[in-house]
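These notes concern the structure reproduced below.
For clarity, every value in this text was computed on a predicted model and none was experimentally measured. The sequence lines fix the lettering, A, B, ..., with proteins before strands; numbering per chain opens at 1.
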Amino acid sequence: MNFEFSEEQNLLREQAAGFLQDQCPPSAVRAILEGAASFDTELFRGIAEMGWTAAAIPEKHGGLGLSYLELCVIAEELGRVVAPVPFSSSVYLATEALLLAGNDAQREAWLPKLASGAAIGTFALAEGTGQPSPNRLETAYENGCLNGTKVPVADGDIADFAVAVARCGRGDGASLYLVPLDADTVTRTTVATLDPTRSHARIDFDNARAESLGAAGEGWGLTRRILDRAAVLFAWEQVGGANAALEQAKEYAMGRYAFGRPIAGFQAIKHKLANIYVKNTLARSNCYYGAWALSTDASELPLAAATARVSAIQAYYFASKENIQTHGGMGFTWEFDCQFHYRRAKLLSVNIGSERTWQDRLISAIEAGQAA
Amino acid sequence: MDFSDTPEEAAFRREAREWLQANVPSKDELEGLDEVQRAKLWQMRKYEAGWACIRWPREYGGRGASAMEQVIWNQEESSVRVPQGVFAIGQGMAAPTMMAWATEEQKLRYLPPLASGEHIWCQLFSEPAGGSDLAALRTRAEKDGDEWVINGQKIWTSGAQFSNYAILVVRTDPEVPKHKGLTYFFIDMKSPGIEIKPIRQISGESNFNEVYFTDVRIPDEQRLGAVGQGWQVAITTLMNERLAIGSGGGLGFRQVFELAQRIEIDGRPAIEDRSVRARLADWYVQESGLRFTGYRAMSALSRGEMPGPENSIGKLVGASKSQDMASFAIDLLEMSGIVTDPELAWRSGMVHDTFMGAPGLRIAGGTDEIMLNILAERVLGMPQDVRVDKGIPFSQVPTSAS
């Protein structure tokens, strides 16, 4: 047993942190928050050049064939800087769906492009309000075409293709479909969200040509596996963000004087920040377990992923809101960067299912382990 | 990173598991023995087979095992029912302090009986006027030839009534600022002039005591560290205390989960209730987060790092978790939740024991609030509180009495 990242992985972390410090300062995040662009194309190109989009893709498909531990390291650093790029949609979701369910032709068609950053993929599950479930899906596939509406879809307005979860024919089961998004039969509308640093869209499919990804009727099981894997990677982003929020709060508290001394010296502030540290540490430790389960495809992955996700949701939300509180009125102003974390924390706490959903999955995983 | 056993670790785990299965004391063996006798029986059995204090060097009664072997042993020992307690302070706090500060001769003499369970140690730190502000302790030690003469009072001393030895911090110089006037000793609890009075807790039990000193004499060779260096030595103990208490047992996630499977809400198992699932998930997340934080600390220890202030997390989170889980379990039992009668209560009232014991856990070994201060100051590097006693001779510091 060994509960640490390797020296090489720590080196990668340093490189990643250095690159992002240069290429993704707060001003880059703010430019996307305030501007019309959907994402930071320059940054995403740099990320692809660093090989991060290729990290977990096998070498025969143009990837680097690294382990998922490396991808966790990268995820944490991207989360720390609140990177305004479609990395998670393309890498944690679309790439994983192809690796998990794609046939040779599908992999060959898309994985090299995903690896090089030439293509962006996404995963289309939600259909408006409410928790998605296989028997509530309205998007349906028949005779080679997809009909229905998916909203919100992360990076849906910029992605080249989507992996969509839909009903197959008149049957009850759900399946995954690979659908190019550049056709006339696909209408994409950018939707406003809590976190404008990550673009989202409504996608209407009107007899859009699509092909099955994985066996018909297996879509819901595949979706769960994809989300379990993505949950670990998103949790690392959340831990990265939560720690950045803690550092931001601390830095401000150390420099802000009131009653003749830094507010960092008051127990009300010290205890607040210590409580953030506690939640962050628990989340990080749970993420270690998740990272290991992901990298080894361990049978404990559903439990490890749910544990990491619930822990990381709680930590990042808490850190992001108490960071604003520590800044006082300034934290509530548009000019300050506290809002980046507050927005991103909430996005990441619902994007692949809410805290409540994952709490339920956590207990289900324990029940399943008991029955086994 | 690898959460699975190497072949060597797997072999070690198998060996540990087989030994445990063959040697766990039977009900008959424990029949008629009190808590201390039971714990001593189990400890001696482990010691004789080389399974006591396995991280300690062999010459001190241990096994010279690695940090990861300690993790494995803890996992295996906690999966069987064996007598616990009474040795946590001696083995978990006094021993690491002795290892860091005692002479080789003292280590060879005092550590093996700690490992075997022959000796029980207690900790004489807290005082009526020195709790969270531990360094404000007032018990005096005055030099008399080769001996020190102790007068004063300690409080909250767990296990003093059955301990053979104790670790002790006293004031040797009241004319310097408070942290600088302290000195650290170990002491024979049978020394003349020591008087022990039990304290009754809210649970009705008496696990801890007041200990009074009247002209108690300690040989100077039982001093650990230099005169005036007591605070520094005490930090060694306190760092290890946080490790020792953090791993404490009691009511866990597994028990509450099983209760929720058994109890019904509206004719259905409580575990099917969404709000129950959410609460349980939160505790699972805390419990597993603490477990893996502990493992990560062991990885650091195995590289030779000392336990650091970040270990304050274990006790801080664990104590409140126990308290809240016990409260929740009582709620799950609905109207009968209040029944503590061992014949009628679920698991003979284990939930109630935890409920009534948890407030003490949140205070012992540094209150929640002190833990938060430690994390903020020593881990995050935030400023200390403004202290009106800083730099002032201890004798001139205002007190409640003045």
Side-chain angles (χ1 to χ4, degrees), chain A residues 1-6 9 67 69 72 246-247 250 253-254 260-262 264-267 269-279 281-289 291-293 295-296 298 300 303-304 306-311 314 355-356 358-364 366-367 370, chain B residues 1-6 9 67-69 71-72 253-254 257-258 260-261 271-272 274-282 284-300 302-303 310 312-313 316-317 368-369 371-377 379-386:
Chain A
M1 292 185 287
N2 158 26
F3 308 108
E4 289 174 327
F5 284 101
S6 68
Q9 286 155 358
S67 85
L69 296 178
C72 289
L246 172 58
E247 284 158 24
K250 189 183 112 182
M254 300 286 271
R261 57 184 170 125
F266 293 106
Q267 288 196 346
I269 299 296
K270 283 159 73 172
H271 289 189
K272 183 190 295 301
L273 268 53
N275 278 315
I276 299 174
Y277 171 83
V278 167
K279 285 189 163 60
T281 301
L282 295 180
R284 174 179 297 277
S285 296
N286 283 321
C287 280
Y288 270 62
Y289 184 48
W292 171 78
S295 69
T296 58
E300 299 99 311
L303 177 58
T307 305
R309 172 134 180 104
V310 171
S311 205
Q314 293 175 347
E355 177 182 358
R356 187 182 52 82
W358 284 88
Q359 284 169 326
D360 189 55
R361 287 179 72 161
L362 190 160
I363 298 298
S364 296
I366 294 173
E367 290 170 326
Q370 209 177 28
Chain B
M1 189 183 312
D2 190 357
F3 281 59
S4 53
D5 290 341
T6 63
E9 288 166 349
M68 285 307 128
E69 286 173 335
V71 170
I72 293 168
F253 169 83
R254 196 42 76 171
F257 177 77
E258 283 168 14
Q261 287 184 312
I271 192 69
E272 292 178 14
R274 281 277 189 158
S275 70
V276 170
R277 294 171 86 78
R279 297 290 297 277
L280 283 172
D282 286 350
Y284 183 85
V285 162
Q286 289 185 356
E287 206 165 288
S288 85
L290 286 183
R291 183 165 66 246
F292 299 132
T293 302
Y295 290 178
R296 287 171 58 207
M298 290 310 261
S299 271
S302 62
R303 279 201 320 262
E310 63 277 4
S312 303
I313 262 193
L316 176 65
V317 176
D368 286 1
E369 292 74 15
M371 294 294 141
L372 290 170
N373 277 356
I374 288 171
L375 291 172
E377 291 170 14
V379 180
L380 298 179
M382 297 171 79
Q384 286 193 336
D385 282 320
V386 170

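Looking at R361(A), there are no atoms closer than 4.5 Å to chain B (heavy atoms on both sides), in backbone or side chain. Neither the backbone nor the side chain of R291(B) comes within contact range of chain A; no heavy atoms are under 4.5 Å apart. Proximity to chain A (any heavy atom under 4.5 Å) is restricted, for V379(B), to the side chain, taken from C-beta onward. Heavy atoms of L280(B) lying under 4.5 Å from chain A belong to its backbone as well as its side chain. Proximity to chain B (any heavy atom under 4.5 Å) is restricted, for L69(A), to the side chain, taken from C-beta onward. Looking at Q370(A), only its side chain comes within 4.5 Å of chain B, counting heavy atoms on both sides. Heavy atoms of Q261(B) lying under 4.5 Å from chain A belong exclusively to its side chain. Contacts of L246(A) with chain B are made by side-chain atoms alone, with heavy-atom separations under 4.5 Å and no backbone atom involved.
Listed by chain and number, the residues in a side-chain contact (heavy atoms from CB on, under 4.5 Å) with E9(B) are M1(A), D5(B), T6(B), M68(B), I72(B) (sequence neighbours excluded). Residues meeting the side-chain contact (heavy atoms from CB on, under 4.5 Å) test with D282(B), sequence neighbours left out: V310(A), Q314(A), E355(A), Q359(A).
Among the candidates N275(A), I269(A), L303(A), D360(A), the residue making the largest number of heavy-atom pairs closer than 4.5 Å to chain B is D360(A). Of the residues considered (V71(B), D368(B), I271(B)), I271(B) shows the highest number of contacts with chain A, using heavy-atom pairs under 4.5 Å. Among V386(B), N373(B), L375(B), the residue making the largest number of heavy-atom pairs under 4.5 Å with chain A is N373(B). The greatest number of non-hydrogen atom pairs below 4.5 Å with chain B, out of W292(A), F5(A), Y277(A), is found for W292(A).
Between I363(A) and Y284(B), the closest side-chain pair of non-hydrogen atoms is not below 4.5 Å. Using a 4.5 Å heavy-atom cutoff, the side chains of R309(A) and V285(B) are not in contact.
Proximity of the aromatic rings of F292(B) and Y288(A) is defined here by a centroid distance below 6.0 angstrom, and this criterion is not met.
Checked by atom type and distance alone, the side chain of N286(A) pairs as donor or acceptor with a backbone atom of G289(B) at under 3.5 Å. Side chain of K270(A) to main chain of P383(B): a donor-acceptor pair is present (N/O by atom type, distance under 3.5 Å, no hydrogens or angles).
Nearest approach of M382(B) to M254(A), heavy atoms of both residues: CA-SD, 4.1 Å. Smallest separation of non-hydrogen atoms from S285(A) and T293(B): OG-OG1, 2.7 Å. In terms of heavy-atom proximity, D2(B) sits nearest to F3(A) at O-CE2, 4.4 Å. Shortest non-hydrogen contact noted between Q286(B) and L282(A) is O-CD2, 4.2 Å. Here the shortest heavy-atom pairing between G265(A) and D385(B) reads O-OD1, 3.1 Å.
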Show, in sequence, the C-alpha distance, side-chain angles and deciding distance for T296(A) and F3(B), and conclude whether the side-chain contact (heavy atoms from CB on, under 4.5 Å) test is met.
CA-CA 10 Å; T296(A) 58; F3(B) 281 59; over 6 Å; no
Evaluation steps, side-chain contact (heavy atoms from CB on, under 4.5 Å), between R277(B) and E367(A):
CA-CA 11 Å; R277(B) 294 171 86 78; E367(A) 290 170 326; 3.1 Å; yes
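To the nearest 0.5 angstrom, E369(B) atom CD is 8.5 Å from Q267(A) atom CD. Here the CE-SG distance, from M1(B) to C72(A), works out to 7.5 Å after rounding to the nearest 0.5 Å.
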